[in-house]
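Below is one structure, written out as C-alpha cells; the observations come after it.
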Amino acid sequence: MDNHQIANILEETAVLLELMGENAFKVRAYHNAARIVESLHDDIAQLIERDELVKLKGIGRALADHIAEIARSGSIKEYDKLRASVPEDVIKMLSIPGVGPKKTRYLWKERGIKSIGELEILCRRHLLAGDPGFGEKTEEKILAGIDMLKSFAGSCRLDEALGAALDVHKEVSRWPDVIRSEIGGSIRRCKEIIHDIDILVSTEKPEKIMERFIAMPQVERVIQHGSKKSEVMLKSGIQCDLRAVSDEEYPFALHYFTGSKEHNVEMRGRAKAKGYKLNEYGLFKGASNKSVSCADETALFKKLGLEFIPPELRENMGEIEAAAKGALPRLIERKDVMGVPHVHSTYTDGKAGIAEMADAASSLGYKYIVIADHSQAVRIAGGMKPADVRHQHKEIDALNRKLKGFRVVKGVELDILSDGALDFDDELLSSFEIVMAAIHSGFGMPEAEMTERIVRGIANPFVKVLAHPTGRLLLTREPYAVDLRRVIAAAVKYDVALEINAHPMRLDLDWRWCKYAKEQGAKMIIGPDAHSTEEIRHVEFGIWVARKGWLTKRDVLNNLNAEDLVRYFHKR
DNA sequence: GCCGTTTTCGGCCCGACTGTTTTCAGTCG
C-alpha cells in the first residue's frame, strides 16, 4: 500500500462516517488524516516502524494505529464494516451539488433510494416534495445538479479558468461602483485544477454590483443571487462566484476568499489563540469585539505575528509555521528567469521555425531558447533522424552568428526507450549542448519497471534534464506509475535537473514534489514545451508551479544565462 | 478523533444563501 492508497481509504472512511451521521469532528479528523498522508513524502513504512506517525499534527494514537493496519492488511475493520453496509451508488449521490450527507442519508434510509438514477426518476415525478426538508425547489435543484454531473465534470485546467476569470474580471473592475477588485480562490493560489472562479470586489453598493453581475452576457444561468454574494454558471461551463464587501473589509475578505480552506482554518485557530476572532469581515480583539483595521493582507499577517505569506503557499503545508519563524523562502520571480528551455520547431511538431521562436522569446525579454525537438522514436511528432539533427545544428549556428544579445542553444527532447536505452547514440548526443530525456511510450509499464527504465535513461552522462517526469496530462491521462522518490534520488546522484514542464496541460513536476526534490538536493528547470510562439508564455505557469513548490531563484536553473547554464551542465 | 501559554475535558472557524420553515437546518466554501 502506498501513501495514495492509504489516503484513499481514510478519505472514503470519512465520507462513510459522515453519511452514517457520525460526529462531524471525527469526520474531519479522518479527512485531515487523508490529506496528511497524501502529502507525505517520507516512506510511510519507516514512520510506522518507528511509531512516528503520532508526531504528525492531526494524527493521534487511534489514527496512527489505523494507518499502520491499512499499510499492513490493506484495510481497517471500521472501513470494511461501513463499506458493507452502504451501497456503492448511494455514495455517488453525495456528488450532486446541493445534496449532502443528511439528505443522502434520508433518501437512502427513509425512501429506499439507492442510486442517482432512482433519485432522478423520483424528482421528475415530483414524488419527493412534501417530505421533511424537501420541496418543489429542492426537486428542481437536484435535477439541475444531476444534469450538471452528466454534462460537465465540474473542474477545468488553470489556464482555461484563468482565461474566463480575466474576461469577467476585466469588466467588473471597470464598473464605477467598484473600489478594489481581484481574482481570488484557487486561481490566485495557482492550483493546477480549478473548480470555480472567485472574484472579490469592495464597494459601497453591493446590491447594485450583484444585479449587474448576474446580467453579464457571459452568464448562462444564475445559481445563487444574494445581496453580498452571487454564483453563476458561465457560458464557458465554469462556475463563477462574486462577493462584495466594504473597502475596510477588503483585505480580510481577500485573504478569506483566497483560501485554502485548510489555511483559513489554521489562521483562525491562530487568531483565536492570540485573543482575536478572524472572519472575512475583519479581525476582532477580545470580548469587546473591537475591530482591528488592516490596510492590506501584509498588515493582517503582521497582526498575527506572521510575515506575508504569498498566495501560492497558502495550502496549510507548513507555511504558517515558517512565516511565524520568519523562515519563508524568497520565492522565484519572473525577473529571475533568463531563458526558455524546451522549445519545439518545425523540425518536428512545432508550428514555427527556430528564428521565429527565438524572436518571440526575445520580445518577451528572455535571453535564450533551448531548441528541444523530438528524437526519431516519436514518429507521430515527426521525430528527427540523425541527418535532421546535423541540418538543424547548421541552421542554429548560422542564426547565432546573426543574433545580438540572444542565443539559441542546441538541445533535444530525447526518448528513453522501453528498456531504458536512449534513442540516439553517444556520438550524436555529444553534439548537443543540452539533452532533455523523456518518456513518450509504454505508459502502462509496472512501477518497478518504469522506475528502472527512467533511472537507467538518466544515468547516461549526456542526459542533463528529465523532461515531464510523470507524463501526466491534467484531467486526461494519469501519471505513469513511477517511484518518484527513487527518480529524484537518481537525478541528484547523476546531477540531472528535473523539468517543471510549464505546459498548462502538464504542470509536471507537480508542485507537491518540488519542495521534497529541493530538500533532496535536486535542481529544477522550467520548460514551456512550446509548440508555437504563443506557448512561450507558458513559462509563467512554470514560475507559478515553482513558487507553489517553495522554490527560490537558486533552485531553478533558468536563473542562469545561456553560457552559465551550458557550463553548469558540462562540469560533471 | 485530535488537542492543550484557557484545558487531559470540552472544545473543535465561521458566515452566506436557499428552501422550507414560522425560527432553522442543510449545504457550501
Side-chain angles (χ1 to χ4, degrees), chain A residues 10 13-14 17-18 21-36 53-67 76 78 93-107 128-142 144-145 154 184-186 189 194-198 200 206 210 214 222-232 239-245 249 252-253 255-284 286-287 289 305 316:
Chain A
L10 292 169
T13 308
L17 286 171
E18 198 173 14
E22 236 326 332
N23 176 307
F25 298 107
K26 180 173 172 178
V27 172
R28 186 200 284 176
Y30 275 86
H31 278 300
N32 202 20
R35 209 178 66 91
I36 292 166
L53 282 172
V54 281
K55 288 186 186 166
L56 300 169
K57 193 161 168 278
I59 309 269
R61 188 69 264 158
L63 274 166
D65 289 344
H66 284 336
I67 292 167
I76 36 174
E78 185 143 30
M93 294 201 289
L94 285 168
S95 57
I96 304 168
V99 180
K102 298 273 164 48
K103 284 202 161 67
T104 300
R105 186 177 162 78
Y106 176 85
L107 291 166
L128 216 49
D131 279 33
F134 291 86
E136 270 179 46
K137 291 279 181 66
T138 317
E139 287 180 335
E140 281 170 29
K141 198 173 172 184
I142 291 174
S186 44
R189 298 201 316 281
I194 306 296
H195 297 288
D196 58 16
I197 296 166
D198 289 296
L200 175 70
M210 291 300 144
I214 61 165
V222 177
I223 302 169
Q224 272 189 358
H225 176 206
S227 59
K228 298 173 168 180
K229 174 188 178 185
S230 294
E231 296 180 10
V232 300
Q239 187 178 322
C240 182
D241 302 355
L242 184 73
R243 291 287 297 238
V245 296
E249 294 161 344
F252 306 99
H255 173 261
Y256 180 80
F257 292 113
T258 296
S260 67
K261 195 178 162 189
E262 290 82 5
H263 170 92
N264 286 352
V265 168
E266 189 73 19
M267 284 287 285
R268 287 180 177 208
R270 185 178 174 87
K272 197 165 179 179
K274 289 190 174 293
Y276 293 100
K277 187 180 81 164
L278 176 65
N279 61 25
E280 60 261 57
Y281 299 115
L283 184 65
F284 305 93
N289 253 355
N316 196 22

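Quick note on labels: first sequence line is chain A, next is B, and so on, each numbered from 1.
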Tell me whether the OP1 or OP2 atom of [N] has a side-chain N or O from [X] closer than 4.0 Å.
X	N	value
A/N279	B/dG15	yes
A/K228	B/dG15	no
A/K229	B/dA16	no
A/K277	B/dG15	yes
A/K261	B/dG29	no
A/R28	B/dC13	yes
A/Y281	B/dA16	yes
A/T138	B/dT20	yes

Rounded [atom1] spacing from [N] to [M] in Å:
N	M	atom1	value
B/dT23	B/dT18	C1'	15 Å
B/dC13	B/dG29	C1'	12 Å
B/dG1	B/dT6	P	27 Å
B/dT7	B/dC12	C1'	13 Å
B/dC3	B/dT8	C1'	9 Å
B/dT20	B/dT27	C1'	14 Å

Taking [Y]'s backbone N and O only, do any of them form a donor-acceptor pair with [X]'s side chain (distance below 3.5 Å, no angle check)?
X	Y	result
A/E139	A/A129	yes
A/N279	A/G282	yes
A/R268	A/K277	no

Nearest-Å distance for atom pair [atom1]/[atom2], residues [X] and [N]:
X	N	atom1	atom2	value
A/Y106	B/dT27	OH	P	13 Å
A/K102	B/dG26	NZ	P	5 Å
A/I59	B/dG1	CD1	C1'	10 Å
A/E262	B/dG29	CD	P	13 Å
A/Q239	B/dA16	CD	P	18 Å

**Distance-only side-chain donor-acceptor flag, A/D241 / A/Q239, under 3.5 Å** =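 Looking only at side-chain atoms, A/Q239 and A/D241 do form a donor-acceptor pair, the distance falling under 3.5 Å.
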Discussion item. Just to be sure I understand the rule, does A/S227 reach a base, reach only the sugar-phosphate, or reach nothing, if contact means heavy atoms closer than 4.0 Å?
Written reply: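 The answer is sugar-phosphate, as A/S227 gets under 4.0 Å only of primed atoms, P, OP1 or OP2.
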The residue, A/H225 or A/K57, whose nearest nucleotide of DNA chain B is more 5′ is A/K57
Checklist entry - Does A/E78 or A/E139 map to a spot on DNA chain B nearer the 5' end, using the closest nucleotide for each? => result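 Taking each residue's closest nucleotide, the earlier one in sequence belongs to A/E78.
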Which nucleotide in [options] has an atom nearest any side-chain atom of [X]:
X	options	answer
A/F25	B/dG26, B/dG19, B/dG1	B/dG1
A/P101	B/dC14, B/dG1, B/dT27	B/dT27
A/Y256	B/dT27, B/dC2, B/dG29	B/dG29
A/N23	B/dC12, B/dC17, B/dC13	B/dC12

(Q) Suppose we define a pair by two distances each less than 3.5 Å, Watson-Crick or G-U wobble; what does B/dT8 pair with here? (A)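 WC or wobble partner does not exist here.
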- prompt: So do the side chains of A/Q224 and A/S230 get within less than 4.5 Å of each other, counting heavy atoms only?
  reply: no
Checklist line | Heavy-atom side-chain contact between A/N23 and A/F25 under 4.5 Å | finding: yes
With A/E266 as partner, the option from A/K261, A/K272, A/K57 fulfilling salt bridge (charged side-chain N to carboxylate O under 4.0 Å, His left out) is A/K57
Syn or anti for B/dT21, please, going by whether the chi angle lies within 90° of 0.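 Anti, since the glycosidic angle lies more than 90° from 0.
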